[in-house]
Amino acid sequence: MFPDIEVNDKGHLLIGGADAVELADEYGTPLYVIDEMRIRENYRRLHRAFSGEYSRFQVFYACKANTNLAVMRILEEEGSGIDAVSPGEIYTALMAGFDPDRILYTGNNVRDDELQFAIDSGVRINVDSRSQLLRLSEIAPEGLRISFRVNPLVGAGHHEHCITGGEMSKFGVMEREAPEVYRMAMDLGFEPVGIHAHIGSGILDPEPFMLAVETLMDIAGRVHEATGVEFEFIDFGGGLGIPYTPEEEPLDIDEFASKITGLFKDKLSEYGLGRPMMCLEPGRYIVGDASYLLTRVNTIKESYRKFAGVDAGFNTFLRPAMYGSYHHILVAERPLDEPSEKMDVAGNVCESGDLFARDRQLPEINEGDVLAIMNAGAYSFSMSSQYNSRPRPAEVLVREGKVDVVRERETFSDLLRGQNVPARLLKR
Ligand code: PLP
């Protein structure tokens, strides 16, 4: 069982001091419930662990995990920067009040107009390829400060789709061409000031991360020796995992920070790299365990197997269907009940892969119960769609029992928004 499940005197699940059953009754289901203090605690724990070891430390929250404006505001208040991967994320971060200098744009297969947008927005640009560098040089002002994303040939992650370093990866410039592309950037009139790598996502084992840090530092050292570039920042990307199953152990963040910063500092002195900013881009670690998805059971079906059918689907929450991810499920009315029978929890989308759990031991579940799907804060709403013409759900933010609707539930009219029927097809 996850350690910090809280219940109230009715025995109902509490999220940020609010009764999950009452939230479902009042705001409807499916409903994402975001726990503000959990986000703040996650950010502070991580920041404290790293800055305690190396004071020049900066977080760039990977907002692809959760772009809700309220979440972004919380992180802006906490002092985070933003890792943005698209003009839309840059726009959202600016609207959330982030200073452009605190936004690092790491795009992949970027169009020229997107580069122009990044320049006009004044954000930092992290270059992913020679092609991008050359096209950027056509429009960039002289002396633009840039960094490069490097593929350090080390990859790790919870699923093959999440491994973003290594020979099969589409991301970054090759490790062996790094000195050459920095030189090329200087010749083109840029001022390269940073280096970046992101090896994957959902990493609970420090070892691959350590290897990536070591490799990136060696690459940075070689670039510095070959070109004289003085790094103002070295960014190791995101990837810090969270436990999804009750058996998984959380990362010991203090130990993790101490190992990584130790290695980082050794490599800084080995290569004479001075005291650049050390940056990380966590997404999942900050927001992953801070949200629940509430969904109501409408159908109990005894077919060839037993199904609890709910009113959310993979359009609402994609991770289980896309990655086969395990997400722990509680019955919000009785979250401490012991499992008593095996069943599948199935969504309402017309696809047989639309399952939140297969052969899961769960407590007794009745029609009308509210299920609380845990760890639904990262890559959850941000990956939702309107597939099957289902409007997206609402999101509420809770703090000490106070509830704010931070995203309205979509309506049918949102399904038609922006569509035009040519005059010749209009019904006469
Ligand atoms: N940085 C970059 C460049 C990414 O692509 C990602 C995720 O895909 C992240 C950071 C965040 O990863 P995570 O949520 O695992 O920390």
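As the structure lists them, so they are numbered: ligands from 1, and atoms in each ligand from 1.
Comment: D112 engages R135 in a salt bridge, judged by a side-chain N to carboxylate O separation of less than 4.0 angstrom.
Residues F264 and Y54 bring their aromatic ring centres within 6.0 Å. In this structure, the ring of F256 has its center less than 6.0 angstrom from the ring center of F209. A ring-centre distance under 6.0 Å is found for F50 and F57. Note: H327 and Y244 meet the aromatic proximity criterion, with ring centroids under 6.0 Å apart.
Checked against a 3.5 angstrom limit, the closest N/O atoms of H196 and ligand 1 fall outside it. For ligand 1, the polar-atom distance check against G283 finds a nitrogen or oxygen pair separated by under 3.5 Å.
Atoms of ligand 1 lying under 4.0 Å from at least one heavy atom of A62, given by number and element, are 9 (C), 10 (C), 11 (C). Interface of R149 with ligand 1, defined as ligand atoms under 4.0 Å from a residue heavy atom, comprises 3 (C). Ligand 1 places these atoms under 4.0 Å from at least one heavy atom of Y379: 7 (C), 11 (C), 12 (O), 13 (P), 14 (O). Atoms of ligand 1 lying under 4.0 Å from any heavy atom of S201, numbered from 1 in the order shown and given with element: 12 (O), 13 (P), 14 (O), 15 (O). Close approach to P282 involves these atoms of ligand 1, each under 4.0 Å from a residue heavy atom: 16 (O). If you number the atoms of ligand 1 from 1 as listed, the ones under 4.0 Å from a heavy atom of E281 come out as 1 (N), 2 (C), 3 (C), 9 (C), 10 (C), 11 (C), 16 (O).
Under a cut-off of 6.0 angstrom, the local environment of CD in E225 is crowded, with over 12 non-hydrogen atoms contributed by other residues, nucleotides or ligands.
For G239, the heavy-atom gap to ligand 1 drops under 4.0 angstrom.
For the pairing with R40, the salt bridge (Lys or Arg N to Asp or Glu O under 4.0 Å) check across E400, E76, E78 returns one residue only, E78.
Residue-level proximity to ligand 1 for R284 is carried by backbone and side chain together, each with a heavy atom below 4.0 angstrom.
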